[in-house]
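Below is one structure, written out as structure tokens; the observations come after it.
All figures in this text were calculated on a predicted structure; none of them were measured in a lab. We use all heavy atoms of the structure for the numbers below, so side chains are in, but hydrogens, waters and symmetry mates are not.
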Amino acid sequence: MSYDKDLVAHKLIRWENYLNNYKLPAWKELPDIGLYMDQVIALLGQYLDFIPVEDQKDKPVTSTTINNYVRLKVMPAPEKRKYYRIHIAYMIMIFTLKQGTSISSLQKLLPAGGDEEEVRNFYTSYIQRVQQVGNFYTAQTRAAAQSILNAQGEEEGGAVEDFILQSVLMSGFSQILGEKLLNLRDADPERVLAQEALSDSRGLHPIALPPNKGKEK
């Protein structure tokens with residue numbers, strides 16, 4: 001299997017330009033007039049158009065997924081079947097975060113209870129962080145993809161395959177780290193360190209604890 005490096009480079013540059021200019025709507029820009037489900041789906045489709053869709057049956061935003069998030073209490077329930085600014089904010093955060101974490105983790109990350117002032121502050125900080133991470137990611141991607149961006153013609157040496165593999169592995173490791181750190185919420189430090197010390201003593205983890213870390217009292 002081969003890749004046309006010009007086409008791959010085109011896609012990388014297009015993605016870079018998109019992310020560098022991508023901005024989620026500010027809190028005050030979110031509609032607060034009460035939208036029905038079909039209107040919400042259409043609106044989110046505009047906000048989240050970077051999420052790949054293989055076909056019409058694989059849409060990232062559907063009424064079923066939204067209802068599931070309400071049922072699981074990841075977001076507040078609609079008011080008389082209408083969704084307002086706070087609901088839209090939750091859904092934007094959910095559908096962007098779910099690309100890299102599980103639903104149970106979302107419940108730990110997002111504000112609980114649905115207090116509007118808390119959600120507004122969290123959402124405002126969140127959209128700024130999305131832009132910062134996007135800019136950092138594109139810079140790192142450009143550095144890693146130089147061999148592709150500087151070449152032309154059909155790929156023969158495996159550079160594209162290596163880059164794709166690297167991207168998938170980085171995504172996986174980032175997700176694993178995020179899950180591990182989320183699991184530390186409200187954790188007992190002594191219990192966690194004791195479990196790590198036991199795991200390391202059995203050779204089950206490739207990174208041992210720092211010297212005397214588990215012995216400190």
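- The two residues I92 and L48 have their closest heavy-atom pair at O-CD2, 4.5 Å.
- Residue pairs meeting the ring pair (Phe, Tyr, Trp, His ring centres under 6.0 Å) criterion with at least one member in residues 92-126, sequence neighbours excluded: Y69-F95.
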| message | Between L110 and M75, does the side chain to side chain contact (heavy atoms under 4.5 Å, CB included) criterion hold? Intermediate values first, please. | response | CA-CA 9 Å; L110 299 177; M75 60 173 284; over 6 Å; no

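- Two residues are said to be in side-chain contact when any heavy atoms from C-beta on lie closer than 4.5 Å; I66 and I94 fail this criterion.
- Within the structure, side chain to side chain donor-acceptor pair (under 3.5 Å) contacts touching residues 130-139 (residues at least two apart or in different chains) are N20-T138, R129-Q132.
- Cluster annotation: I127 and V133 are assigned to distinct hydrophobic clusters (Ile/Leu/Val/Met/Phe/Trp/Tyr, side-chain heavy-atom contacts under 4.5 Å, transitive).
- Cluster annotation: Y84 and V70 are assigned to distinct hydrophobic clusters (Ile/Leu/Val/Met/Phe/Trp/Tyr, side-chain heavy-atom contacts under 4.5 Å, transitive).
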Please set out all donor-acceptor pairs under 3.5 angstrom arising from side-chain atoms of residues 21-33, sequence neighbours excluded.
unit_1, atom_1, unit_2, atom_2, d
N21, ND2, N17, O, 2.7
Y22, OH, Y47, O, 2.6
E29, OE1, A26, N, 2.8
D32, OD1, R85, N, 2.9

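- At distances below 3.5 Å, at least one donor-acceptor pair connects side-chain atoms of T96 with backbone N or O atoms of M93.
- A donor-acceptor pair shorter than 3.5 Å can be found between the side chains of T101 and E179.
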What side-chain donor-acceptor pairs closer than 3.5 Å can you find for residues 112-121, not counting sequence neighbours?
unit_1, atom_1, unit_2, atom_2, d
D115, OD2, E117, N, 3.4
D115, OD2, E118, N, 3.0
E117, OE2, R120, NH2, 2.6
N121, ND2, E117, O, 3.3

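- Residues in residues 62-83 take part in no salt bridge (Lys or Arg N to Asp or Glu O under 4.0 Å) pair, two or more places apart or across chains.
- The list of salt bridge (Lys or Arg N to Asp or Glu O under 4.0 Å) pairs with a residue in residues 87-96, not counting sequence neighbours, is empty.
- F136 and W15 end up in different hydrophobic clusters when Ile, Leu, Val, Met, Phe, Trp and Tyr side chains are linked at under 4.5 Å.
- To the nearest 0.5 Å, atoms CE (M170) and CZ (F163) are separated by 8.5 Å.
- Other residues, nucleotides and ligands place more than 12 heavy atoms under 6.0 Å from the OH atom of Y18.
- Legend: residues meeting side-chain contact (heavy atoms from CB on, under 4.5 Å) with D38, ordered by chain and number and at least two apart, are Y36.
- Atom CD1 of I13 is separated from atom CD1 of I148 by 11.0 Å, given to the nearest 0.5 angstrom.
- Residues meeting the ring-ring contact (aromatic ring centres under 6.0 Å, His included) test with Y90, sequence neighbours left out: none.
- Using a 4.5 Å heavy-atom threshold, the side chains of D4 and V8 count as separate.
- For residues 90-109, no pair satisfies salt bridge (Lys or Arg N to Asp or Glu O under 4.0 Å), with sequence neighbours left out.
- Every residue was checked against the side-chain contact (heavy atoms from CB on, under 4.5 Å) condition with A139, not counting sequence neighbours, and none meets it.
- Put simply, the side chain of H87 does not reach to within 4.5 Å of the side chain of V40, judged on heavy atoms.
- In the hydrophobic cluster analysis, where Ile, Leu, Val, Met, Phe, Trp and Tyr join through side-chain heavy atoms closer than 4.5 angstrom, L72 is grouped together with Y83.
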| Given the rule in the side chain to side chain contact (heavy atoms under 4.5 Å, CB included) test, do T124 and Q128 qualify, once you have shown the distances and angles that lead to the verdict? | CA-CA 7 Å; T124 300; Q128 294 172 350; 4.2 Å; yes

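- From L149, atom CG reaches atom CG of D6 across 10.5 Å, with rounding to the nearest 0.5 Å.
- Under the rule for a side-chain contact (heavy atoms from CB on, under 4.5 Å), the partners of S104 that lie at least two apart in sequence or sit in another chain are S102, Q107.
- Under a 4.5 Å side-chain heavy-atom cut-off, the cluster of Ile, Leu, Val, Met, Phe, Trp and Tyr residues that includes L177 is completed by L181, L184, V192.
- For the pair E16/T141, no side-chain contact is recorded, criterion being any heavy-atom separation below 4.5 Å from C-beta on.
- Here the side chains of Q39 and L43 are not in contact, with every heavy-atom distance at 4.5 Å or above.
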